[in-house]
Protein chains: 2
Amino acid sequence: MKNNNKYQYEYPRPALASDCVIFGFDGGDLKVLLTEREKEPFKNKWALPGGFVFIEETTEECAKRILHEKTGIKNVFVEQLFTFSEIDRDPRERIVSVSYYALVNTYQYELIAGRDTLKTEWFALSDLPKLGFDHAKIIKMALQRIKGKVNYQPIGFELLNEKFTLSQLQQLYEAILEVQIDKRNFRKKILGMALLKELDEKEKNVAHKAARFYSFDKKAYKELTQKGFYFEL
Amino acid sequence: MKNNNKYQYEYPRPALASDCVIFGFDGGDLKVLLTEREKEPFKNKWALPGGFVFIEETTEECAKRILHEKTGIKNVFVEQLFTFSEIDRDPRERIVSVSYYALVNTYQYELIAGRDTLKTEWFALSDLPKLGFDHAKIIKMALQRIKGKVNYQPIGFELLNEKFTLSQLQQLYEAILEVQIDKRNFRKKILGMALLKELDEKEKNVAHKAARFYSFDKKAYKELTQKGFYFEL
DNA sequence: TTAATTAGTGTTAAAATTACACTAAGAGTG
DNA sequence: CACTCTTAGTGTAATTTTAACACTAATTAA
């Protein structure tokens with residue numbers, strides 16, 4: 001490595017990487033996106049999509065790039081989760097990982113097995129394979145994070161289709177929070193926030209009363225937020 | 001840098017550093033600990049205590065070490081805040097900083113101006129000097145974080161003396177949250193959680209009714225937490 | 001002795017949360 | 001076509017939580 005900068009510090013540097021915890025929802029379980037590794041270490045083992053940070057990209061840009069390269073998913077809004085820096089977290093050498101998470105709709109993306117990747121698949125959180133590195137720990141923390149966040153931010157809408165029924169939204173909240181929610185109270189609360197647009201459309205071909213579709217009203221949310229409104233479930 | 005590991009990746013690496021946002025409380029304002037830099041860049045300017053991560057320490061260990069080396073403060077529990085990785089955040093070269101924050105009692109520590117440091121001082125948040133790097137942004141985020149956290153974790157007790165009065169605790173919450181709180185409702189709520197030990201001791205030499213001292217009951221908190229209790233202000 | 005200052009204490013009204021059960025609509029079946 | 005199955009959709013009352021509010025007690029200083 002070049003060292004011609006008079007300020008540059010002299011110590012050996014940890015390598016820097018980013019890992020992505022991508023949550024998806026398919027109506028039932030909450031899922032997480034994993035890739036089967038093509039190379040050592042942990043060759044043929046499942047792991048989070050992740051890779052090294054280039055010198056001219058931010059860690060967030062890196063996370064998005066890697067996600068795209070390895071799984072085909074792009075244009076997702078990721079948020080920083082945590083930076084993991086335990087000395088031995090990677091068997092090769094010292095690697096510090098800045099992790100990110102995102103919530104997406106499983107149906108909206110076509111998965112590919114990209115660079116250094118044998119397979120890319122959704123796994124239910126209740127049925128994860130054994131993971132390489134400290135990735136089980138990272139997923140655990142990401143899950144904790146969204147469980148907390150869901151209460152005071154309207155996340156979760158990203159995991160559904162543009163149009164969704166209130167029951168689907170409730171199922172999502174139940175999946176994330178791992179609790180049962182009362183249908184009437186839930187609807188009262190959500191509709192009371194005036195963040196949903198009621199659409200004229202209804203479900204079709206369902207063997208029961210068709211549910212009305214709603215969509216998330218981003219504009220209303222923005223306006224309310226500017227007026228000091230706080231989302232709270 | 002040595003490169004004899006067959007797995008080691010080939011790209012140039014960002015340097016890795018840690019910065020510390022240390023909040024203190026002296027009964028009035030909420031304060032933050034700053035150091036005046038002895039060296040370029042930002043020589044003679046104020047900045048957060050920070051420095052480079054050694055290859056054999058975690059970023060958290062680094063933060064604690066740097067804090068001790070530069071300010072004399074040690075034995076504080078820091079929590080990770082965020083990792084800043086904008087390309088140009090340091091004028092020297094690409095440096096990624098993992099930032100940490102902590103809450104301490106200003107009276108409990110004697111400040112020194114340690115390595116590469118001309119002065120170490122507490123600054124009221126309402127009266128910060130111009131800061132080097134992106135440190136103003138880091139402080140802003142740290143403040144946001146503790147404002148959120150204070151509502152669901154009994155942090156803040158760290159900023160007071162072991163023994164404190166309920167009025168002092170209230171003032172602290174008012175300083176962090178920047179709101180006025182009703183005295184009776186505050187006392188009702190805090191005492192209702194049974195996390196405070198009522199001591200026999202009272203204030204002395206105050207020109208008004210002497211207030212009772214309380215201390216935080218860590219044991220009770222631990223036990224309650226294990227029973228599923230959630231602190232909530 | 002008086003003035004100044006902060007500690008300490010309860011009640012009531014309003015708002016938010018919780019618990020709870022029936023009718024409506026659509027598709028499938030015999 | 002009537003019956004069954006399934007999920008959508010709806011309101012009320014009891015309970016709990018929150019918010020608003022004012023006086024007496026204790027101590028020092030003047």
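Labels below follow one simple rule: chain letters A, B, ... track the order of the sequence lines, proteins then strands, and each chain is numbered from 1.
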(message) Below 30° counts as parallel, above 60° as perpendicular, anything between as tilted: where do the rings of A:Phe157 and A:Phe231 land?
(response) perpendicular

(message) With a 3.5 Å distance limit and no angle check, can you tell me whether A:Thr120 reaches the backbone of A:Leu111 through a side-chain donor-acceptor pair?
(response) no

(message) Expressed as a whole number of angstroms, how long is the span from B:Glu203:CD to C:dT6:P?
(response) 11 Å

(request) Answer with base, sugar-phosphate or nothing: what part of the nucleic acid does A:Arg212 contact at a heavy-atom distance below 4.0 Å? (result) sugar-phosphate

(message) With a 3.5 Å cut-off and heavy atoms only, can you find an N or O donor on one side and an acceptor on the other between the side chain of A:Asn205 and the base of C:dA27?
(response) no

(request) To the nearest Å, give me how far apart NZ (A:Lys189) and P (C:dT18) are. (result) 7 Å

(message) Nearest whole Å is fine: how far is D:dT15 P from A:Asn185 CG?
(response) 16 Å

(request) Could you state the atom-to-atom distance from NZ of A:Lys204 to P of C:dA27 in whole Å? (result) 11 Å

(message) One thing to verify: whether B:Arg89 and B:Asp19 come together as a salt bridge, which I'm taking to mean a side-chain N less than 4.0 angstrom from a carboxylate O.
(response) yes

(request) Look at the side chain of B:Arg184 against the base of D:dA22 and say whether a donor-acceptor pair falls under 3.5 Å; ignore hydrogens and angles. (result) yes

(message) Let me spell it out: for each of A:His208 and A:Asp182, pick the nucleotide of DNA chain D with the closest heavy atom. Which residue's pick is nearer the 5' end?
(response) A:His208

(message) Regarding D:dT12, can its base be found pairing with the side chain of A:Lys188 as donor and acceptor, where the two atoms are less than 3.5 Å apart?
(response) yes

(request) Measure the acute angle between the ring planes of A:Phe216 and A:Tyr221, then classify it against the limits of 30° and 60° as parallel, tilted or perpendicular. (result) tilted

(request) Measure the distance from CZ on B:Phe213 to P on C:dG8 and round it to the nearest whole Å. (result) 10 Å

(request) Classify the angle between the aromatic ring planes of B:Phe123 and B:Trp46 as parallel (below 30°), tilted (30 to 60°) or perpendicular (above 60°). (result) perpendicular

(message) What is the separation between atom CG on B:Leu169 and atom P on C:dG8, rounded to the nearest whole Å?
(response) 12 Å

(message) Which is more 5' along DNA chain C, the nucleotide nearest A:Glu232 or the one nearest B:Gln171? Just name the residue.
(response) B:Gln171

(message) Judged by each residue's nearest nucleotide on DNA chain D, which is more toward the 5′ side, B:Lys183 or A:Ala210?
(response) A:Ala210

(request) Starting at atom CD1 of A:Ile181, determine the distance to atom C1' of C:dT18, rounded to an integer number of angstrom. (result) 13 Å

(message) Rounded to whole Å, how long is the line connecting atom CD of B:Glu201 with atom P of C:dA7?
(response) 16 Å

(request) Give one of base, sugar-phosphate or nothing for B:Ser167, where a contact means two heavy atoms less than 4.0 Å apart. (result) sugar-phosphate

